[in-house]
Amino acid sequence: MTPSLRPDRLRAFVGRIASLVDAAVPEAHLLDAGGAALRELIAHDDWLPDAFAQPDPERYQQFLLHADSRQRFSVVSFVWGPGQSTPVHDHTVWGLIGVLRGAEIAQGYHVTPDGALHERGAAQRLNTGDVDAVSPEVGDIHRVSNAFSDRTSISIHVYGANIGAVSRSVYPDGGGRKTFISGYSNDLLPNIWNVSKESAIP
Ligand code: FE
């Protein structure tokens, strides 16, 4: 991590989410206040180490940035190479998505009682600085795509669980539903706790 980076921003964000989770606030309040905290985090692009901003030519990357010690929440950087997108998937827990670089297209879906998948409203474009929410309460099934075919986009997500370990569902293009556990792309996490080294930060 170069000295000019601002790991304090992610540390402060993690602290704010932890306070909301500790207070067991209703989900609507959590999405609102957590969304405001995420908007502040992504208002600056000076804190994400390059190692967690690297696209892969094969598929989008999900780098764990922080996991709560009790797995009550996790923070992930999603890195979308040009034209990459997720399959249609659900989360089963609350989540907030904030675009740090570039732009994304999010299309919501709902499943009818007969198991068919239908688009839920129009696709939303999320530009740098925008925040979106998912949850079983507010709409949990979506597909997210890089809005650009010629550049990387990065979004920062926070979820109400250790999301890489949660058993959830993808909805393949041919129909049906498959269980998946996403895991993470990285083995090492950014060090946001080297506080004594931060005295040089203006
Ligand atoms: Fe998602």
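All figures in this text were calculated on a predicted structure; none of them were measured in a lab. Every number for a ligand or one of its atoms is a count from 1 in the order of the listing. Here, residue 1 is the first one in the sequence, and each next residue gets the next number.
A salt bridge does not link Arg70 with Asp68: none of the charged nitrogens is closer than 4.0 Å to a carboxylate oxygen. Ion pairing of Asp173 with Arg143 is present here, as a side-chain N (NZ or NE/NH1/NH2) and a carboxylate O approach within less than 4.0 Å.
Asp114 CG: more than 12 foreign heavy atoms inside a 6.0 Å radius.
For the residue pair Arg168 and Thr92, no side-chain donor N or O sits within less than 3.5 Å of a side-chain acceptor on the partner.
The Fe ion (ligand 1) has no N, O or S atom of His157 under 2.8 Å away, backbone or side chain.
Within His142, NE2 is the N, O or S atom that lies nearest to the Fe ion (ligand 1).
For His91 atom NE2 and His89 atom NE2, the angle they make at the Fe ion (ligand 1) is roughly 100°, to 10 degrees.
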